[in-house]
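I have placed the structure first, in the form of structure tokens, so that the comments after it can refer back to it.
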Amino acid sequence: MSTRCEFDHLVLGADTLGQGAAYIESSLGVKPQPGGAHAAMGTHNLLLRLGARSYLEIIAIDPDASAPARPRWFGLDAEQTRRRLRAAPRLLTWVVRTHDIEGAARSCPVPPGAIHRMQRGAYSWRITIPADGALIFDGLLPALIQWNGDAHPAENLEQRGCELEKLEGRHPEAGSFAPALAALGLDQMIALEQADQAQLSATIHGPRGARTIKS
């Protein structure tokens, strides 16, 4: 049985928020807005609106936060990820919204991870995170999120003329998780193809025209 999800946000990893902000301003010609801190994960973020209920998140390890008791989300504790982010910000993964996160997780043939409660300021949500914090299929299989209440971060962000144009994925095991995307109703949301190397890319249309950010 299919459980249809909707695109919620992109996750761009950075070594520092300053590095991530400079990258987005250079690439898209806009400045991201302040977000906040995730105490449970030892991370903090900046945000850029992409639509009425969608956005780009720039996320980095918060140097002023205590290390969490478990691996951080989005693979941020992996040495390979940290090494690559020191060189340049990279698209880590994407997140899709559902009104029934338990049902969506059950319907997904690839386990998306345990459901965790999170909070940042006035916003609270539940999200799937694997026990080891790793990205699933190199970030091409998205995390699931369910926001508590009607409030959504994008609604309070300024409109700066950016919107997601297309999402593309390449992976050597594309056939292994394509059924999971279909089960979540996402097979038309991302163009997926078989390739020797894994890569997630998002094309965003902004003040400087179409620009693509990649993993």
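Sequence positions, counted from 1, serve as the residue numbers for this chain. For clarity, every value in this text was computed on a predicted model and none was experimentally measured. These numbers come from the heavy atoms of this one structure, side chains and all, not from hydrogens, waters or symmetry mates.
Here A210 pairs with E165, T203, H205 under the side chain to side chain contact (heavy atoms under 4.5 Å, CB included) rule; sequence neighbours left out. With sequence neighbours excluded, the residues that form a side chain to side chain contact (heavy atoms under 4.5 Å, CB included) with T93 are V11, F74, L135. By the side chain to side chain contact (heavy atoms under 4.5 Å, CB included) test, Q33 pairs with L157, E158, R160, sequence neighbours left out. Take S124 and apply the side chain to side chain donor-acceptor pair (under 3.5 Å) test, not counting sequence neighbours, and it matches N148. Not a single side chain to side chain donor-acceptor pair (under 3.5 Å) links Q159 to another residue, sequence neighbours left out. For R97, the salt bridge (Lys or Arg N to Asp or Glu O under 4.0 Å) partners at least two apart in sequence or on another chain are E6, D8. Among residues two or more places apart in sequence or in another chain, the side chain to side chain contact (heavy atoms under 4.5 Å, CB included) test is passed with A60 by L17, H44. Residues satisfying the salt bridge (Lys or Arg N to Asp or Glu O under 4.0 Å) test with R84, not counting sequence neighbours, are none. Residues satisfying the salt bridge (Lys or Arg N to Asp or Glu O under 4.0 Å) criterion with R86, sequence neighbours excluded, are E79. Partners of R120 according to the salt bridge (Lys or Arg N to Asp or Glu O under 4.0 Å) rule, which considers only residues two or more places apart in sequence or in another chain, do not exist here.
Within the structure, salt bridge (charged side-chain N to carboxylate O under 4.0 Å, His left out) contacts touching residues 170-188 (residues at least two apart or in different chains) are R170-E193. Under the salt bridge (charged side-chain N to carboxylate O under 4.0 Å, His left out) criterion, the residue pairs touching residues 40-69 are R53-E155, with sequence neighbours excluded.
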